[in-house]
Amino acid sequence: MIGKLRLTNSLTRKKEVFEPIEAPNVGMYVCGPTVYSDVHLGNVRTFLSFDVINRYLKFLGYKVRYVRNITDVGHLLDSGEDKISKKALLDQLEPMEIVQKYTNDFHEVMATFNALPPDIEPSAIGHLMEQIEMIEVLIDRGFAYVSNGSVYFDIDKYNETQEYGKLSGRKIEDLINQTRFLDGQEDKRNPLDFALWKNASPEHIMRWKTKWGEGFPGWHLECSVMSTKYLGSQFDIHGGGMDLKFPHHDCEIAQCVGVSDQMPAKYWLHTNMLTVNGQKMSKSLGNSFLPGQLISGDHELLDRGYSPMSIRFFMLQSHYASTLDFSNEALNAAVKGYTKLANGIRILKELEYPEAQLQTLNANQGAQIHKMCDDCHHAMNDDFNTALTIGHIFNLLKKVNSFHSGQIDLSEIDLETFLRMKETLLTFTEDILGIRPETNLNGENLLNILLQDYAQAKIAKDYQRVDYLRSRLKEEGITIKDMKDAVGWAYSEQ
RNA sequence: GGUUCCGUGGCCGAGUGGCUAGGCAGAGGUCUGCAAAACCUUUUACGGCGGUUCGAAUCCGUCCGGAACCUCCA
């Protein structure tokens, strides 16, 4: 390992050296999507950021357990309706059909962008028993109270010994002054108290029986429950979008501390927002497009479609903690940059170290390459700086292209340097950044070019060529079929 | 109003005290049947003002401009 990994901890607001609680194990929990509609492009950015973080931690040799939840209940709208219930009523489907549909969609989208799946993907409904148990513990420990069939977290009680809002830097007095009036507020002792369990109104379709009444879990609870269950009451990294800092993550912390007296995560990482023309991309502002629309170009804000890897490359060209602004101009630049990268990697894979020594070793050349390889490690170690890493990758690629075109002879560097250059580039680009080749090569189109060639050879009575094409295609499982006025083909028997 | 963050060249975007980030675009060149690619060279920077320092895009103050969170969103 070269150097130490440092990351910006939102909890301390400082860049810290990463030291796992129990090396080589690393536990990472990331707040996943609420599956009530198509996955938002902002979610994609967040999950791609954590995909790279997951990949890099694994590359460093850590035994990572990456947990990312699926929220399938408890996430409410302003109106107090459950997001999933509402969509289910609207579409006249079972809530679980909604959940399944959008979970499938989510997985498909993430796979399109070459994100590795998490190691565990638990759902809230799948952990109702555990949620109820955690509520009981919080009641027993005096941090929660029952009120009209609901259970609320007691902020005043918590603050006697702890500090609610520590992560986001909120102060209780300020919060109280600004709290707006929400439905069900009259059941709370303090307007800041948040629901652990909510009594279901008669029309609410997602409901479960408990000793407090029929209801459903509060949104913040699931993450505390599932992170604790799979990663323990203390784990290494907790991640999510910046907009979850408050209240979601502060509530999560309160619940976990309320149960175990321990801060759940050692390091908190928050990804920044996507913007469009300088404004946050958000559903309510109507300035957002779906991942599918970005790929197809089917949106009024988009001049054209952009391939998934170009988009991934585009996102990784900024740091996860910075906002990233979308524009056609920036995306076009990314398409070109990605193409250059993909071509360089393709050339690199074909590049072989020569057997004949044509040049004497050039120590300077070798030193430069080793430095660039080191730079890649340092850049990723510096708070997963993918933008900087890509910069170094391009510098290495210049060498690769120069070797390829013969402007520098490969024998100017030694075999060890060559192998390191090759391995570093491939590992960082494909394994860590997760950028893979993307091609629209179409087998049938290529076949048709060959068949046209075949037809012309026939007309020219160039039977040597005709036989050659027929036998070569046969080897590829294609049988050429001469027809009266055309040339066709069929799959060969295998 | 409170909390937090940002302002880098034509565009995007790294960079927290001294060392050419990088990509796209522009200019010149090498190579080339044409074209493309690639490589080399090169132009344009750190919002304004003040301060700290031998030295600041980087630290401090201040002003201007923008954003996020405080309310569902990653």
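By convention in this document, chain letters (A, B, ...) are assigned in the order of the sequence lines, proteins followed by strands, and residues within each chain are numbered from 1.
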Problem - Footprint string (nucleotides 22-32 of chain B, 5' to 3'): B base within contact, S backbone only, - free, heavy atoms under 4.0 Å - result: BBSS-------
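Counting non-hydrogen atoms under 4.0 angstrom, A/His40 reaches a base of the nucleic acid. Using a 4.0 Å heavy-atom criterion, one finds that A/Asn343 contacts no nucleic acid atom at all.
Put simply, the side chain of A/Pro308 does not reach to within 4.5 Å of the side chain of A/Asn114, judged on heavy atoms. Residues A/Ile345 and A/Glu430 have side chains in contact (heavy-atom distance under 4.5 Å, counting atoms from C-beta outward).
For the P atoms, the distance from B/rA25 to B/rC64 is 39 Å, rounded to whole Å. Spacing of P atoms, B/rG23 relative to B/rU62, comes out at 39 Å, to the nearest Å. Here, B/rG10 and B/rG2 have their C1' atoms 39 Å apart, quoted to the whole Å. Nucleotides B/rU42 and B/rA21 place their P atoms 13 Å apart, quoted to the nearest Å. Nucleotides B/rC46 and B/rU58 place their C1' atoms 10 Å apart, quoted to the nearest Å.
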Practice task
Quick one: the dot-bracket string of RNA chain B, using Watson-Crick and G-U wobble pairs with both distances under 3.5 Å, [ ] for crossing pairs and | for bases paired to another strand.
Solution key: ((((((((.[[[..)..(...]]].(((((.......)))))....[[[[[..)....]]]]])))))))....
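Ring-centre distance between A/Phe47 and A/Phe106: below the 6.0 Å cut-off.
A/Thr46 contributes a side-chain N or O that forms a donor-acceptor pair with the base of B/rA74 under 3.5 Å.
Contact annotation: A/Ser322 reaches the phosphate of B/rA14 (side-chain N/O to OP1 or OP2, under 4.0 Å).
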